[in-house]
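Here the structure comes first, spelled out in structure tokens, and everything after it is commentary.
In what follows, every heavy atom counts, from backbone to side chain, and hydrogens, waters and symmetry copies are set aside. If you read the sequence from its start, that first residue is 1, and numbering goes on from there.
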Amino acid sequence: MKLFLRFFVPIHILVFRLTGGWLLGRFELPVLLLTTKGRRSGKQRTAALLYFEDDDALLVIASLGGAPTSPAWYHNLVAEPEVEVQTRSGKRRMRAEPLIGDDRHSKFERIKAAAPRYAEYEARTTREIPVVALREASA
């Protein structure tokens, strides 16, 4: 997994940016690039993530393949919720909001139905996998 993350992810991000998401921009769900500010380093960090469209939001899942801890990008956006998102339709500033309670549960159930890999990830861990809503940032 670490080898995959170290080599494939940067290539995926590069190809996505160069083609505007037309290559490597969709798996069972579409892919977006999420850029957060590192909570310790202050540097821009980009992750390629599957997303789910939900009314006025894009939903991303902090699964890290069912690892016992959430991914770094999740901790970054909790510390600084203003993020940049790039999809096939372009780049935009958004605000991240981790969902809680019934809202999180109902949306995660819909996501698992659309992408069964998330049910597998959930079975691998004892933590509650965060679901994050990305919404247009206020001007």
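Side chains of Asp54 and Arg110 form a contact here, defined as non-hydrogen atoms less than 4.5 Å apart. Side chains of Arg92 and Thr87 form a contact here, defined as non-hydrogen atoms less than 4.5 Å apart. Considering only heavy atoms from C-beta on, Leu50 comes within 4.5 Å of Tyr118 through its side chain. Side-chain contact between Phe108 and Glu128 is absent, with no heavy-atom pair separated by less than 4.5 Å. Put simply, the side chain of Glu136 does not reach to within 4.5 Å of the side chain of Asp56, judged on heavy atoms. The shortest distance between side-chain heavy atoms of Arg93 and Glu84 falls below 4.5 Å.
Other residues, nucleotides and ligands contribute at most 12 non-hydrogen atoms within 6.0 Å of the CD atom of Glu53.
Val132 and Ala96 get closest at one heavy-atom pair: CG1-CB, 3.8 Å. The two residues Lys37 and Asn76 come nearest to each other via the heavy atoms O-CB, 3.5 Å. Scanning both residues, Ile129 and Arg104, for their nearest heavy atoms gives O-NH2, 2.8 Å. Summarising the geometry of Arg135 relative to Ala57, their closest heavy-atom pair is CG-CB, 3.9 Å, with the distance given to 0.1 Å.
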Donor-acceptor contacts under 3.5 Å from residues 64-75 side chains, at least two apart:
from, atom 1, to, atom 2, distance (Å)
Ser70, OG, Arg127, NH1, 3.1
His75, NE2, Ser70, O, 3.4

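Thr35 OG1 to Gln86 CD: the interatomic distance, rounded to the nearest 0.5 Å, is 8.0 Å. In this structure, Leu58 CG and Leu32 CG are separated by 6.5 Å, a value rounded to the nearest 0.5 Å. For the atom pair CZ (Arg117) and CD1 (Ile111), the distance works out to 13.0 Å, reported to the nearest 0.5 Å. For the atom pair CG (Leu59) and CD (Glu97), the distance works out to 10.5 Å, reported to the nearest 0.5 Å. Rounding to the nearest 0.5 Å places OG1 of Thr36 at 7.5 Å from CD of Gln44. In this structure, the separation between CZ on Arg45 and CZ on Arg39 is 10.0 Å, given to the nearest 0.5 Å.
In terms of modelled atom types and a separation under 3.5 Å, the side chain of Ser106 and the main chain of Asp103 share a donor-acceptor contact.
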